[in-house]
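Notes follow the structure.
Model, not experiment: these values are computed from the prediction.
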Amino acid sequence: MTISRLSLKALAIAAAVAAVAGAALLLARPQPFESAVLGADWECTQTAFVLTSCAPRVREAIPAIETSRKDAIRQTRG
């Protein structure tokens with residue numbers, strides 16, 4: 001079975017396109033970084049070394065102490 005020059009050229013082009021697509025995906029992945037200007041309350045990401053976006057850091061709520069309804073209601077009868 002012989003391989004023609006056209007199929008070798010198509011294979012080389014496909015490999016080059018796959019390599020470029022892989023490099024683009026690695027560069028486009030958002031990278032987190034610390035912003036000294038905004039402080040620790042902000043979370044920033046940079047995509048492809050160009051697009052930067054920042055959002056306020058989400059703080060987790062501290063759960064309140066749970067009490068049963070029986071303990072929470074004062075008894076009114078004597």
Side-chain angles (χ1 to χ4, degrees):
M1 197 168 157
T2 59
I3 299 174
S4 67
R5 289 186 127 239
L6 183 60
S7 64
L8 286 176
K9 185 177 179 181
L11 183 63
I13 290 173
V17 168
V20 169
L25 285 175
L26 286 176
L27 289 175
R29 189 177 66 215
Q31 301 292 327
F33 70 96
E34 296 293 325
S35 174
V37 175
L38 294 175
D41 292 335
W42 288 82
E43 195 171 311
C44 299
T45 57
Q46 191 173 30
T47 304
F49 307 112
V50 178
L51 182 64
T52 303
S53 63
C54 296
R57 198 175 294 262
V58 177
R59 297 189 185 265
E60 292 185 24
I62 299 171
I65 298 173
E66 292 185 21
T67 58
S68 68
R69 184 167 173 84
K70 182 179 174 184
D71 295 336
I73 298 174
R74 278 193 315 185
Q75 291 187 0
T76 56
R77 294 187 200 178

Next on the checklist: Restricting to side-chain hydrogen bond (donor to acceptor under 3.5 Å, both in side chains), what partner residues turn up for Thr52, sequence neighbours left out?
Outcome noted: none
Next on the checklist: Please list all pairs meeting salt bridge (charged side-chain N to carboxylate O under 4.0 Å, His left out) that have one or both residues in residues 30-41, counting only residues at least two apart or in different chains.
Outcome noted: Glu34-Arg57, Asp41-Arg59
Checklist entry - In the hydrophobic clustering that connects Ile, Leu, Val, Met, Phe, Trp and Tyr at side-chain heavy-atom distances below 4.5 Å, which members other than Ile13 occupy its cluster, ordered by chain and number? => result Val17
Next on the checklist: Side-chain heavy atoms under 4.5 Å apart, restricted to Ile/Leu/Val/Met/Phe/Trp/Tyr: what other residues fall into the cluster of Leu51, or is it alone?
Outcome noted: none
Item to check | Partners meeting side chain to side chain contact (heavy atoms under 4.5 Å, CB included) with Leu11 (sequence neighbours left out) | outcome: none
Item to check | Straight-line distance of Cys54 SG to Phe33 CZ, nearest 0.5 Å | outcome: 5.0 Å
